[in-house]
Each structure stands twice: as structure tokens, then as C-alpha cells.
Amino acid sequence: MSVLGKGSGSSVKMPVITIDGPSGSGKGTICQKLAEALGFHLLDSGALYRLTAVAATEQGVDLADQAAVAQVARQLDVQFKSSEKGVLAFLSGRDVSRDIRLEEAGMGASKVAAYPEVREALLDRQRAFEQQPGLIADGRDMGTTVFPDAPVKIFLTASAEERARRRYQQLLERGESANLRALLEDIQARDTKDMQRSASPLKPAEDVIEVDSTSMPIEEVLNLVLKVVSERIKLSV
């Protein structure tokens, strides 16, 4: 399953399913499985700022130049593909999934995300992913800011303790060291920052369906979301 984030959005209405929620809630996995089950395109909005930073750096653009970085964002040639390893990100046809997870990319993303002009450019780029036969949009403001008219909006959450435990387990499985308490504190701080930011804060849309995945296995969450989708959108699932 893949989608090219290139070109202008279509005026023809099509199904858009937004999955918003905090880090570690499982929304990335659910979005991937949902896209595979429905044959829909996939947008990992959280990766776009990292992709913008990587693209700008590769093009020799100074990250302090807001106008130049915004131009890079407007022309971003991005593709997301589902794989056994998760969702892969491609920049101009090249797999940069590992590159955008490096600390340097994260620092660059934090810098460019503070630019209003870049945020506006990426808002347009995200909406350009709305293509037939439909789109699964993963993020924090998909249902409130990017696709406010989406027929299905899910807000997926879990307790901070459970999200820290999941992250801790992931790191251990990859052979990395981790401190559960530190992870919990980091998640709590990030939640506070995301909910209190002035631009597109993390919050459920008014017409959203909230799903708490704290004690739910991933397949149960997926089946619940698919049930909601079948009730709200006419599809052959």
C-alpha cells in the first residue's frame, strides 16, 4: 500500500479516516493495518517535519531560512509504504526511513516545525494526500485541523504508564538500554507540551470516537475501528 504525496488535492469527496492521539497509543500500527485492510493510502503526518528537514539539508538549504525551508516543504516528494518493518518513508523515491529517525533529523524537525510558513506549506501537502480510493491519516491534528470534514475520526489513547511500558519493551527488543521511569517522565512532558501548544494542540475533535487502548490487544482495537468505518462509510471491507 503506498501513496505519492504530490500534486493538488482532488475536489471529489472521498473517504478520509483520521487517527489522532498521543505518542505510544498505537495509532501508527492501527493506521498501517487499517490501510492494508481497506486498500487505502496512508499519511504519516508526524514524519513530514523530519522529511522536510532532511530534504532541506540534502538540498543545501539553511534551516534558519524560513522562506527557503517552506519552499522545500511545498515541493516535498514523499511516499509512504507499508512493510513488514512498519511504515517506510521515501523521499524522491529513496527510502529514508532510517535517516529521519536520526537525532539530527529530530533536531531539524523541531526547528522547522516552529516556522508558521512551513506549517502552512505542510498543511497543503497533507491535504494533497487525499486521493482515491481513500486515505488513512495518522497524526495529532488530522481530525481537528487537516481534515475537519472527515467522515470517520478516531482519537486513540492509552495511559501514560502503558505507553511508557510499550516503548520500554520496544527498546529492549531492539537490544537497546532503557529506563522505564525516564520514559514515563518524557511521555508526560511531551503530552503536556502537545496539549498546550498554541498551533493545532493535541485534543479530540468534537465528533470523534475515543478509543482507550490501554488494556486492549491491537487486533481488538483494529476490529473496533473497522466496525466504526463500516457503519459510517459505504465500503466493501
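Position 1 is the first residue of the sequence; numbering continues from there. Predicted, not measured: the structure shown is a model, and the values here were computed from it.
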Working to the nearest 0.5 Å, report the span between CG of Asp95 and CG of Leu91.
10.5 Å

Is Thr214 reaching over with its side chain to a backbone N or O of Ser159, donor-acceptor style, under 3.5 angstrom?
yes

Lys27 side chain to Asp20 main-chain N or O, any donor-acceptor pair under 3.5 Å?
no

Look only at the side chain of His41 and the backbone of Ile136, and say whether a donor-acceptor pair between them is shorter than 3.5 Å.
no

For Ala158 and Asp212 the tightest heavy-atom approach is CA-OD1, 3.7 Å

Distance col, row Leu184:CG vs Tyr168:OH, nearest 0.5 angstrom, shows 13.0 Å

Once rounded to the nearest 0.5 Å, what's the spacing between atom CZ of Phe80 and atom OG of Ser45?
8.0 Å

Any donor-acceptor N/O pair, Arg163 side chain to Ser25 backbone, under 3.5 Å
no

Does either side chain, that of Glu36 or that of Ser82, offer a donor lying less than 3.5 Å from an acceptor on the other one?
yes

By side-chain hydrogen bond (donor to acceptor under 3.5 Å, both in side chains) - contacts of Arg140 (at least two apart)
Asp194

Are Phe155 and Ile209 linked, directly or through intermediate hydrophobic residues, by side-chain heavy-atom contacts shorter than 4.5 Å (ILVMFWY only)?
no

Can you check whether Arg101 reaches Arg50 side chain to side chain, under 4.5 Å on heavy atoms?
yes

Exercise: identify the closest heavy-atom pair between Ala55 and Leu76:
CB-CD1, 3.8 Å

Can you confirm whether more than 12 heavy atoms, excluding those of Arg174, are under 6.0 Å from its CZ atom?
yes

Looking at Phe90, I want to see if its CZ is surrounded by more than 12 non-hydrogen atoms of other residues, nucleotides or ligands under 6.0 Å.
yes

In residues 113-122, what donor-acceptor pairs under 3.5 Å come from side-chain atoms, sequence neighbours left out?
unit_1	atom_1	unit_2	atom_2	d
Tyr115	OH	Leu63	O	2.7
Glu117	OE2	Arg74	NH2	3.2
Arg119	NH1	Ala113	O	3.0

Only pairs under 3.5 Å count here: list side-chain donor-acceptor contacts from residues 218-229, not counting sequence neighbours, and write none if there are none.
unit_1	atom_1	unit_2	atom_2	d
Asn223	ND2	Glu219	O	3.2
Lys227	NZ	Glu231	OE2	2.7

Evaluate the criterion side chain to side chain contact (heavy atoms under 4.5 Å, CB included) for residue pair Val54 and Glu104; output intermediate values, then yes/no.
CA-CA 9 Å; Val54 168; Glu104 183 180 355; over 6 Å; no

In short, Gly143 meets Ala205 closest at the heavy-atom pair O-CB, 3.9 Å

Are Leu180 and Ile187 in one and the same hydrophobic cluster, where Ile, Leu, Val, Met, Phe, Trp and Tyr link if side-chain heavy atoms are under 4.5 Å apart?
no

Close side-chain approach of Phe40 to Leu135, heavy-atom, < 4.5 Å
no

Heavy-atom side-chain proximity of Val146 to Arg127 below 4.5 angstrom
yes

To the nearest 0.5 Å, what is the distance between OG1 (Thr52) and CD (Gln75)?
11.5 Å

ILVMFWY network linking Val69 to Val96, side-chain heavy atoms under 4.5 angstrom
yes

Checking side chain to side chain contact (heavy atoms under 4.5 Å, CB included) for the pair Glu161/Arg165: CA distance, chi angles, key distance, verdict?
CA-CA 6 Å; Glu161 291 76 13; Arg165 187 197 66 77; over 6 Å; no

Got a sec, which residues hit side-chain hydrogen bond (donor to acceptor under 3.5 Å, both in side chains) with Ser213, two or more places apart in sequence or on another chain?
Arg166

Give a yes or no on whether the backbone of Ser83 and the side-chain of Gln32 come within a donor-acceptor separation of less than 3.5 Å.
yes

Excluding sequence neighbours, so at least two apart, what forms side-chain hydrogen bond (donor to acceptor under 3.5 Å, both in side chains) with Thr145?
Ser200

Partner of Phe147 by side-chain contact (heavy atoms from CB on, under 4.5 Å), out of Ile17, Asp141, Val16, Val152:
Val16

Euclidean distance, Gln170 CD relative to Leu183 CG, rounded to 0.5 Å:
10.0 Å

Of the options Asp77, Val72, Ile100, which is the one that meets Leu51 in a side-chain contact (heavy atoms from CB on, under 4.5 Å)?
Ile100

Could you report the tightest heavy-atom contact between Pro22 and Asp191, atom names first, then the distance?
CB-OD1, 3.7 Å

Quick check on side-chain contact (heavy atoms from CB on, under 4.5 Å): which of Leu156, Asp138, Val211 does Ile30 satisfy it with?
Leu156

If you define the side chain from C-beta out and look only at heavy atoms, does anything of Val87 sit under 4.5 Å from Lys81?
no

Leu172 and Glu176: side chain to side chain contact (heavy atoms under 4.5 Å, CB included), yes or no, with the steps?
CA-CA 5 Å; Leu172 291 185; Glu176 300 179 30; over 6 Å; no

Count I, L, V, M, F, W, Y as connected when their side-chain heavy atoms are under 4.5 Å apart, and connections chain through other members. Are Val208 and Met216 then in the same cluster?
no

Can you confirm whether Met142 sits close enough to Ile19 that some side-chain heavy atom of one is under 4.5 Å from a side-chain heavy atom of the other?
no

Using a strict cut-off of less than 4.0 Å between a Lys/Arg side-chain nitrogen and an Asp/Glu carboxylate oxygen, indicate whether Asp186 and Arg167 qualify as a salt bridge.
no

Hey, could you give me the NZ/CD distance between Lys193 and Gln188, rounded to the nearest 0.5 Å?
16.0 Å

How close do Ala53 and Ala105 get, heavy atom to heavy atom, and via which atoms?
CB-O, 4.2 Å

Sequence neighbours excluded, which residues qualify as side-chain hydrogen bond (donor to acceptor under 3.5 Å, both in side chains) partners of Thr157?
none

Does Lys153 come within less than 4.0 Å of Asp207, counting only side-chain N to carboxylate O?
yes

